[in-house]
2 protein chains.
Amino acid sequence: MVTKQFTGSPEDADLTRADSLAREIFSDIANKWALLITEVLGDRTLRFSELRDGIEGISHKMLTQNLRMLERNGLVERTVYPTVPPRVEYTLTEPGHALRVTIDGLCNWTHQHLGHIEDSRRRFEAN
Amino acid sequence: MVTKQFTGSPEDADLTRADSLAREIFSDIANKWALLITEVLGDRTLRFSELRDGIEGISHKMLTQNLRMLERNGLVERTVYPTVPPRVEYTLTEPGHALRVTIDGLCNWTHQHLGHIEDSRRRFEAN
DNA sequence: CAGTATCCGTGATGATACTG
DNA sequence: CAGTATCATCACGGATACTG
């Protein structure tokens with residue numbers, strides 16, 4: 001688990017190592033830009049500029065940064081066509097697709113609970 | 001969708017309104033502390049201090065802040081017992097539980113792909 | 001077009017102290 | 001114990017300019 005606790009057992013050296021890795025990955029992935037990029041990619045193959053246009057509000061820098069991170073973690077495959085001007089395409093790998101499925105769940109959850117959340121916010125503001 | 005595009009159709013006024021709300025909620029939820037708090041709560045009822053101890057690395061302030069946000073969005077219910085010293089308990093609401101299910105998916109994904117990711121990172125570092 | 005580098009403001013975060 | 005408030009810092013993120 002990402003939330004595993006320290007137990008003091010002999011295997012803890014490995015357990016905590018795997019856990020800190022899991023936490024690190026979790027921290028990488030659990031940010032809105034990474035999740036949105038993965039979601040927008042879906043099963044398409046998109047160019048850098050298409051991604052930028054497809055994700056409202058993302059800056060050039062954030063897109064580059066997150067794409068590198070996703071590539072480093074093996075969620076996104078980057079293909080460079082040595083033409084001029086250059087053409088670079090991004091697509092999800094198998095692990096990337098698997099992740100996307102869970103993100104779909106998150107998106108669905110959001111839409112299913114829009115009403116609940118709006119209501120709750122109103123009640124909360126009203127103290 | 002959280003990633004819905006503007007289409008120019010007549011219902012867009014509402015569509016974009018719902019979308020911006022969805023994006024806002026998505027941005028609230030899609031951060032590691034909110035996700036970790038939700039995951040750690042699970043189906044337990046925990047006190048503030050228990051949550052703090054259960055989530056490694058979270059600061060007092062971040063915990064308070066995220067708990068308020070989760071409460072505002074109706075994912076967490078906060079119960080205050082007017083004793084002295086005060087006792088405050090947190091538990092997931094129904095929408096909170098639904099969200100947690102998808103987060104479980106994220107955690108499972110992380111653990112299933114630990115190996116893949118480590119390998120990918122090594123390959124990436126090696127250029 | 002895609003990417004890197006740089007500058008720079010500001011918002012997130014942690015530490016600390018204080019209250020009920 | 002739980003929570004708020006304040007302050008200082010620093011990394012995040014945006015804008016811009018430059019390169020291949």
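Numbered from 1 within each chain, the chains take letters A, B, ... in sequence-line order.
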Next on the checklist: Looking only at the side chain of B/Pro85 (C-beta and beyond, no hydrogens), which of the listed nucleotides D/dG3, C/dC1, D/dC1 gets closest?
Outcome noted: D/dC1
Next on the checklist: Quiz question: by atom type and distance under 3.5 Å, do the side chains of A/Asp28 and A/Asn73 form a donor-acceptor pair?
Outcome noted: yes
Checklist outcome for this item: The nucleotide from D/dA2, D/dG13, C/dG3 with an atom nearest the side chain of A/Met62 is D/dG13
Checklist entry - When all nucleic acid strands are considered with a 4.0 Å heavy-atom cut-off, which category describes B/Tyr81: base, sugar-phosphate, or nothing? => result nothing
Checklist outcome for this item: In whole angstroms, the gap separating C1' of C/dA12 from CE of B/Met69 amounts to 14 Å
Checklist entry - Under the 3.5 Å rule, do the base of D/dG14 and the side chain of A/His60 count as making a donor-acceptor pair? => result no
Next on the checklist: The test is side-chain contact (heavy atoms from CB on, under 4.5 Å); show your working for B/Ile55 and B/Trp33 and say whether it passes.
Outcome noted: CA-CA 9 Å; B/Ile55 303 174; B/Trp33 293 134; 3.8 Å; yes
Checklist entry - What is the distance, rounded to the nearest whole Å, between atom CG of A/Leu63 and atom P of C/dG3? => result 8 Å
Checklist outcome for this item: In DNA chain D, consecutive runs of at least three Watson-Crick or G-U pairs below 3.5 Å, as range with range, amount to C:1-20 with D:1-20
Checklist entry - In whole angstroms, how far is the C1' atom of C/dA12 from the CG atom of B/Asp28? => result 14 Å
Checklist entry - Does the side chain of A/Tyr90 get closer than 4.0 angstrom to OP1 or OP2 of C/dG3 through an N or O atom? => result yes
Next on the checklist: Taking only side-chain N and O atoms of B/Arg47, does any of them lie within less than 4.0 angstrom of OP1 or OP2 on D/dA2?
Outcome noted: yes
Item to check | Between D/dG3 (P) and B/Leu67 (CG): distance, integer Å | outcome: 7 Å
Next on the checklist: Let me check something: do B/Trp109 and B/Leu114 share a hydrophobic cluster, defined by ILVMFWY side-chain heavy atoms less than 4.5 Å apart, either directly or through other members?
Outcome noted: yes
Next on the checklist: Taking the side chain as everything from C-beta on, heavy atoms only, tell me whether B/Glu77 gets closer than 4.5 Å to B/Tyr90.
Outcome noted: no
Checklist entry - Once you round it to whole Å, what is the distance between P of C/dG11 and CG of B/Asn31? => result 17 Å
Next on the checklist: Can you tell me which nucleotide in D/dA2, D/dG13, C/dC1 comes closest to the side chain of B/Ser49?
Outcome noted: D/dA2
Item to check | Spacing between A/Gln65 atom CD and C/dT6 atom C1', to the nearest angstrom | outcome: 14 Å
Checklist entry - Can you find a side chain N or O atom of A/Arg68 that sits less than 4.0 Å from OP1 or OP2 on C/dG3? => result yes
Checklist entry - Starting at CD1 of B/Ile58 and ending at P of D/dG3, how long is that distance when rounded to a whole Å? => result 13 Å
Checklist entry - Is the NE2 atom of B/His97 crowded by more than 12 outside heavy atoms at less than 6.0 Å? => result yes
Checklist entry - Have B/Tyr81 and B/Glu89 got a donor and an acceptor in their side chains that come within less than 3.5 Å? => result yes
Checklist entry - Between B/Asn66 (CG) and C/dA12 (P), how many Å, whole number? => result 11 Å
Checklist entry - If you check every side-chain atom of B/Lys61, which of C/dT4, C/dT13, C/dA2 has the closest atom? => result C/dT13
Checklist entry - Is there a side-chain contact between A/Thr79 and A/Val88 (heavy atoms, below 4.5 Å)? => result no
Checklist entry - Are OP1 or OP2 of D/dG3 and a side-chain N or O of B/Arg78 less than 4.0 angstrom apart? => result yes
Checklist entry - In terms of hydrophobic clustering (I, L, V, M, F, W, Y; side-chain heavy atoms under 4.5 Å; direct or indirect links), are B/Val80 and B/Leu51 co-clustered? => result yes
